[in-house]
Structure formats: C-alpha cells, structure tokens
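Below: the structure, in structure tokens.
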Amino acid sequence: MKNIILKEDKGIAEITINRPKSLNALNSETLKELGTVIEDISQRKDIQAVIITGSGDKAFVAGADIVEMQNLNAVQGRELAMLAQKVFSDIEHMPQVVIAAVNGYALGGGCELSMACDIRLASKNAKFGQPEVGLGITPGFAGTQRLPRLVGKGTAKELIFTTDMIDAEEAHRIQLANKVYEQEELMDKAREMAKKIMSKGIYAVSLAKSAINNGMNMDTESAYSYEADIFGLCFSTEDQKEGMKAFIEKRKPNFKGC
Ligand code: HXC
C-alpha cells in the first residue's frame, strides 16, 4: 500500500489516508487501495470497529485529486465517480462500525468519505465543505445523496450551492459532526467510542447498522417489516441469550459476537 496506512489493535483497525503533501487528496490509486483494505476488513471477524482518519494535523481529506481530475473526459469522470461510490458504499455497508476521525479539512470527496462512515468525530480545527461547483463540477462521490439525508435538503443545497466551508462547531450544530474534540484528543476519543460500542452485543450492533442503512432506503412499511425480521433474527443469537440472562442475574454480559 502506497497511500494508506493500516494499523490494528485489539479488534480496531485504523485506516489513515496518507498523502500529506496533497492534503490527503483522493486520487484513483488511493481509492483503489482504500477499496482493497475495506474489502479485506469486511471479511474479518477479529476486527469489530474501524477508524478512518487523515495523515498530519491539517487535513482529513481535502477532496478528490484535482490534478488528476483536470484532464478527464466525461467517460473518465463517470468512472471516477463510480469507483469512489463503490468504495464508499462498501464502507457504509461493512459489518463493522466505522468512525471518521475528521482531523482537519474534509472537503468535497473528503466530506463525502466522512459521510459514508457511521459516525463523524471532528477536531476543533476541522472544516467541512462541498467546494465542487466552484470548480465547475458537482459532488460525485454520493455527496448529493448523503448530505441531504444527514442535514436535510435545504441545508445540503445551501452548502453545495454556496461552497461555504463550515467549522466543526457549525458541522456539529447541523448534525454533520456527532461530536467535537480538541485535536490532540481526537484519536483517543475515537478509540474510546469504538471500545464502548465493542463492549455491547457487537453482532446486534451490526444488525442495527443494517436495519438503519437498508431501512432508510425503503418505504416505511417495508422498513418496519425489515426491522422486525432483524429483531427476530436476534433471538437466534447467543448474545441475546447471554445479554438477557446477565441482566436477570445482575451481572455484566459476556458477549461472544454471535
Ligand atoms: C490535489 C490538492 C488538493 C486536492 C490541496 N492540494 N487540495 N491537490 N487535489 N483536492 C494540494 C495543493 O495543491 C498544495 O500542493 C498542497 O495540497 C497544500 O495545499 P495548499 O492549497 O497550499 O494549502 P492551504 O493554502 O492551507 O489551503 C488548504 C485548502 C486548499 C483550503 C484545503 O488546498 C484547497 O482549497 N484545496 C482544494 C479543496 C477542494 O476543492 N476539494 C474538492 C475537490 S473536488 P502544492 O504542490 O502547491 O504544495 C472533489 C470532487 C469529488 O472532491 C467528486 C468527484 C467525482
């Protein structure tokens, strides 16, 4: 891997986008590497949580790589969008919980990458934005779809049409960032949250993720039915038996993740 650093510790995988000279801009090589890492981790039972961050203290990801994009034709532009959309969709649907530790600029494709994650934790110096129309393009890594689902249609349109960059506090106010921390504590806070989630019935967490993600793409009646299916499925797991037994026996559950 040239542009991705992968570290693993006690069930948590930390993925760092590592092109600091370009503020971690996503070129197609980096997107492909990220796709490979995500595919591998998705198959792993020993990894329960993933944290995605950017190298250095200035940027999470400053967008798709403008140098690479400048001479693309229409077909190549569409291919780039499809490549990133597939990788981001794989992130959204991976069984593990994915936390974005947004440690600086999260612009264009960087904001879109953070939105594919389950939870966004931001450092105080983080800046979010969708600057694409200022470059004569639209968001193409699913930002036109994920941003309105997270912050509402009106605010998404304002951010995309004006290209205004917003700070971490404003991102928190509009519910784009879940929490805001000092930069030096961001990664520890992300690990802390990952560990807290991992201490629960992690298989149930994974099922809840699926119910939310898939249910939100269905009509409400189908989504309720899907939720009931998933709820029913929980009763065939060891974790449900252990979780409820532990409650009744007034002790901490010892979950196995199955
Ligand atoms: C390529 C980039 C880059 C990018 C920064 N760099 N962002 N290179 N693609 N997206 C490079 C700069 O060219 C520069 O290289 C180095 O990183 C440091 O950046 P500076 O501009 O010198 O830093 P600073 O003045 O602090 O400004 C930071 C910044 C600015 C505000 C983040 O770099 C910026 O506006 N970047 C572009 C952000 C953007 O428009 N992103 C959206 C891209 S479109 P050198 O060699 O000069 O040191 C997109 C579309 C997605 O994401 C969908 C496509 C289908």
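For ligands, and for the atoms within them, numbers begin at 1 and follow the listed sequence.
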Atom of Ile12, atom of Ala194 and distance for their closest heavy-atom approach: CD1-CB, 3.8 Å
Under 3.5 Å side-chain donor-acceptor pair for Glu242 and Asn254: no
Give every pair formed by an N or O atom of ligand 1 and a protein N or O atom closer than 3.5 Å, one pair per line with both atom names and the distance to 0.1 Å, or write none.
unit_1: ligand 1; atom_1: 9 (N); unit_2: Ile66; atom_2: N; d: 2.9
unit_1: ligand 1; atom_1: 10 (N); unit_2: Ala62; atom_2: O; d: 3.1
unit_1: ligand 1; atom_1: 10 (N); unit_2: Ala64; atom_2: O; d: 3.0
unit_1: ligand 1; atom_1: 17 (O); unit_2: Lys21; atom_2: O; d: 3.3
unit_1: ligand 1; atom_1: 23 (O); unit_2: Lys58; atom_2: NZ; d: 3.4
unit_1: ligand 1; atom_1: 26 (O); unit_2: Lys58; atom_2: NZ; d: 2.7
unit_1: ligand 1; atom_1: 41 (N); unit_2: Ala62; atom_2: O; d: 2.9
unit_1: ligand 1; atom_1: 52 (O); unit_2: Ala64; atom_2: N; d: 2.7
unit_1: ligand 1; atom_1: 52 (O); unit_2: Gly109; atom_2: N; d: 2.8

Connected via hydrophobic side-chain network under 4.5 Å: Leu150 and Leu159: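 Looking at the clustering, Leu159 is in the same group as Leu150.
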Check side-chain hydrogen bond (donor to acceptor under 3.5 Å, both in side chains) between [X] and all other residues, then give those that pass, not counting sequence neighbours.
X      : answer
Thr162 : Asp164
Glu8   : Arg44
Arg19  : Asp65

